[in-house]
Trainee: 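Let me begin by handing over the structure; questions about it come next.
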Amino acid sequence: MNRRRTFQLLTGCSFFGVLGGCESVSLKARARNRDESVIVVGAGVAGLGAAELLKEGGYEDVTLLEARDRVGGRVWTSRDWREPVDLGASWIHGPRGNPITRLAREAGVRTAATDFEDVNLYNSSGQLMSLGELKRISQLERKVYANLESGSGRKGESLGERFERVFEGLSENDRAVAEFVVNSVVEQSFAEDVERLHPRVWEFGKEFGGGDVLFPDGYSGVFATRFEKLDVRTGHVVKEVRWDGEGVVLVTNRGEFQADRVIVTLPLGVLKKGSVLFSPGLPEGKLAAVEKMGMGCLNKLYLKFPEVFWPEDVQGFAYQAAKVGQWSQWLNCDVYSGAPILVGYNAGSFARELERLSDEEVLEGAMGVLRKLFGRSIPEPIAFQRTRWATDPFSLGSYSARRPGVSRAMLKELGEPVGGRLFFAGEATSLDYPSTVHGAYLSGQREAERVMAM
């Protein structure tokens, strides 16, 4: 069985984003109005890409306003333990030719390749799958991929409805296996339930070459020194953006800021909630695109144990949970960090549901699965770290997800400038690399280039 595709979803940060095409970002753009002031709203990776290119283009007055008390946005390395763990993005998807690969090399940050074949699969009884079970999963997996790549689908239907037709007539056992495959292949990747995904969600652009690599010492190290060279104001929550033909005024919790132009890199979830007031309001087309698009949720739970009790020679494992997608995907961090740490991934509605539970309830659910797989005598974790991206007020989700009815024109509208004063960047605005770190970075450069060409 080719288990690569099943395990690719263990990466936890948008596998499908590598299926994008290349956004053309020419570094030869020349600024005509270098005396203009530019404010970048958000010091995430999109904001970094924008601010850096503006500075390279000769702009002196470039300021980043960041609501959090840290930079990086959804790239967030926790250093609460001796071993760094990435609570946000973890991987470079397709390192060959990827701009993040270049930044990592320049920063001297260590990377490690992921072997997607190196995964154990467990059935609903908690046993390693037999050859017969693996063969059946392989057959259903091919059926899933054939359907995803066929381009078929009825107008207005969801991917879930599309799969209902594909799996019609399956036995109860095969239906359970098919749902496990769909969760592993699709929902864990897009961070959303198939009922809330476009039936042709897979059809975007091209991919960068190569496999996927992660950062044993933390993703944040790629960008840390780059942010230090910029004027970043953390703890500045933008509440209102007032703009007209003369310029822009940003109202924050720490006073007002004026600029000639503003690049907005707010996550889609924040735009959807309307946390920031735009005056005058944004065009109806952009508002419609914001409303129609979805914001997925992928949450992680890191568990640190006194010792390794799981198979040390595999990079991860997947479990056919009784309730589809609940604690079904795990990554063995010991392979990369040499520490007895596991990270579990949950996506979509169950990921959101977990955020309403206490730490004790979350740990009980996770440990119940691990005991089923590895025995009741396994030790308790000595520490844990968990994420709550859906309720994080400065992201309200993990990354964008294309919902039923969303057209490419709507996606394009998300990144369109307004009035020559407001520019919009971020992974959700990337036609070529949505939901990825490199998509965010390139979108920031795209908007900086637009500003310089004004």
Side-chain angles (χ1 to χ4, degrees), residues 1 3 6-7 9-12 78 80-87 90 112 114-134 137 173 176-177 179-181 183-184 188 214 216 298-347 350-351 353-388:
M1 170 188 178
R3 296 178 291 182
T6 301
F7 182 59
L9 287 311
L10 291 170
T11 60
S78 167
D80 290 348
W81 300 341
R82 182 176 63 84
E83 307 84 6
V85 296
D86 281 315
L87 301 179
S90 297
T114 301
D115 181 359
F116 293 127
E117 296 289 339
D118 194 11
V119 53
N120 281 351
L121 300 181
Y122 295 82
N123 61 25
S124 56
S125 299
Q127 304 298 313
L128 279 171
M129 289 189 180
S130 66
L131 290 177
E133 289 173 314
L134 291 175
I137 279 190
N173 181 67
V177 174
E179 290 177 345
F180 166 64
V181 171
N183 174 262
S184 298
Q188 294 284 337
L214 51 68
L298 185 95
N299 276 320
K300 302 180 182 182
L301 174 67
Y302 282 90
L303 297 174
K304 187 175 184 179
F305 294 93
E307 60 188 13
V308 173
F309 54 80
W310 55 89
E312 297 181 65
D313 59 346
V314 296
Q315 294 194 15
F317 47 92
Y319 160 60
Q320 185 186 333
K323 293 185 178 180
V324 180
Q326 297 190 9
W327 302 110
S328 61
Q329 306 287 342
W330 294 84
L331 184 70
N332 176 13
C333 297
D334 177 60
V335 171
Y336 309 103
S337 66
I341 297 173
L342 291 175
V343 55
Y345 297 88
N346 290 288
F350 183 62
E353 179 183 329
L354 286 175
E355 299 194 26
R356 298 191 292 268
L357 302 181
S358 66
D359 290 343
E360 291 74 19
E361 290 171 315
V362 170
L363 288 171
E364 180 181 359
M367 289 302 296
V369 168
L370 293 180
R371 291 190 186 100
K372 188 172 186 177
L373 302 185
F374 304 115
R376 301 193 61 81
S377 62
I378 64 174
E380 293 292 324
I382 58 176
F384 72 92
Q385 296 186 57
R386 60 182 290 202
T387 63
R388 298 177 177 85

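Note that these values count all heavy atoms, side chains included, but never hydrogens, waters or copies made by symmetry.
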Trainee: Using side-chain contact (heavy atoms from CB on, under 4.5 Å) as the criterion, list what pairs up with Ser125, not counting sequence neighbours.
Mentor: Asn123, Gln127

Trainee: Could you measure the distance from the NZ atom of Lys300 to the CG atom of Leu354? Nearest 0.5 Å is fine.
Mentor: 15.0 Å

Trainee: If you define the side chain from C-beta out and look only at heavy atoms, does anything of Val181 sit under 4.5 Å from Ile137?
Mentor: yes

Trainee: Considering residues at least two apart in sequence or located in another chain, which fulfil the side-chain hydrogen bond (donor to acceptor under 3.5 Å, both in side chains) criterion with Asp313?
Mentor: none

Trainee: Would you say the side chains of Asn332 and Trp310 form a donor-acceptor pair under 3.5 Å?
Mentor: yes

Trainee: Please report the closest heavy-atom contact between Ala318 and Val119, naming both atoms and the distance.
Mentor: N-CG2, 4.2 Å

Trainee: Identify, with sequence neighbours excluded, every residue that meets side-chain hydrogen bond (donor to acceptor under 3.5 Å, both in side chains) alongside Glu380.
Mentor: Arg371

Trainee: Between Leu301 and Leu342, is any pair of side-chain heavy atoms under 4.5 Å apart?
Mentor: no

Trainee: Among residues at least two apart in sequence or on other chains, which ones pass side-chain hydrogen bond (donor to acceptor under 3.5 Å, both in side chains) with Ser78?
Mentor: Gln385

Trainee: Can Tyr319 and Gln329 be counted as having a side-chain donor-acceptor contact under 3.5 angstrom?
Mentor: no

Trainee: Could you grab the distance from atom CG of Leu357 to atom CZ of Arg388, nearest 0.5 Å is fine?
Mentor: 10.0 Å

Trainee: At what distance, to the nearest 0.5 angstrom, does OG of Ser184 lie from CD of Glu179?
Mentor: 11.5 Å

Trainee: Drop me the distance from Glu353's CD to Arg356's CZ, to the nearest 0.5 angstrom.
Mentor: 5.5 Å

Trainee: State, yes or no, whether a side-chain contact exists between Leu370 and Leu303 at a heavy-atom distance under 4.5 Å.
Mentor: yes

Trainee: Looking at side-chain heavy atoms only, is the closest gap between Ile378 and Met367 below 4.5 Å?
Mentor: yes

Trainee: Going by heavy atoms in the side chains, are Ser328 and Tyr345 under 4.5 Å from each other?
Mentor: no

Trainee: Roughly how far apart are Ser377 OG and Phe309 CZ, rounded to 0.5 Å?
Mentor: 9.5 Å

Trainee: Less than 4.0 Å between a side-chain N and a carboxylate O, is that true for Glu355 and Arg386?
Mentor: no

Trainee: Give, for atom CG of Leu214 and atom OG of Ser337, the distance between the pair rounded to the nearest 0.5 Å.
Mentor: 10.0 Å

Trainee: Compare every heavy atom of Ala321 with every heavy atom of Gly325, then report the nearest pair and how far apart it is.
Mentor: N-CB, 4.5 Å

Trainee: Apply the test side chain to side chain contact (heavy atoms under 4.5 Å, CB included) to residues Phe180 and Ser124: give CA-CA distance (whole Å), side-chain angles for both, the deciding distance (0.1 Å), then the verdict.
Mentor: CA-CA 10 Å; Phe180 166 64; Ser124 56; over 6 Å; no

Trainee: Is there side-chain contact between Trp327 and Val362, with at least one heavy-atom pair below 4.5 Å?
Mentor: yes

Trainee: Less than 4.5 Å apart, side chain to side chain, heavy atoms only: is that true for Leu87 and Val85?
Mentor: yes

Trainee: Going by side-chain contact (heavy atoms from CB on, under 4.5 Å), name the residues that satisfy it together with Gln326, two or more places apart in sequence or in a different chain.
Mentor: Lys323, Phe350

Trainee: Who pairs with Glu307 by side-chain contact (heavy atoms from CB on, under 4.5 Å), at least two apart in sequence or on another chain?
Mentor: Pro379

Trainee: Could you go through the side chain to side chain contact (heavy atoms under 4.5 Å, CB included) check for Tyr302 and Thr387 one step at a time?
Mentor: CA-CA 9 Å; Tyr302 282 90; Thr387 63; 6.0 Å; no

Trainee: Begin from the C-alpha positions of Leu298 and Gln188 and carry the test side chain to side chain contact (heavy atoms under 4.5 Å, CB included) through to its verdict.
Mentor: CA-CA 7 Å; Leu298 185 95; Gln188 294 284 337; 3.9 Å; yes

Trainee: Identify, with sequence neighbours excluded, every residue that meets side-chain hydrogen bond (donor to acceptor under 3.5 Å, both in side chains) alongside Gln320.
Mentor: none

Trainee: Under the side-chain contact (heavy atoms from CB on, under 4.5 Å) rule, collect the residues that match up with Leu128, sequence neighbours excluded.
Mentor: Asn120, Tyr122

Trainee: Quick check on Glu364: does its CD atom have over 12 non-hydrogen neighbours (other residues, nucleotides or ligands) under 6.0 Å away?
Mentor: no

Trainee: Can you list everything that forms a salt bridge (charged side-chain N to carboxylate O under 4.0 Å, His left out) with Lys372? Sequence neighbours excluded, please.
Mentor: none

Trainee: Below 6.0 angstrom between ring centroids: does that apply to Phe374 and Phe317?
Mentor: yes

Trainee: Ignoring hydrogens and geometry, is there a side-chain-to-backbone donor-acceptor pair from Glu83 to Ala339 under 3.5 Å?
Mentor: no

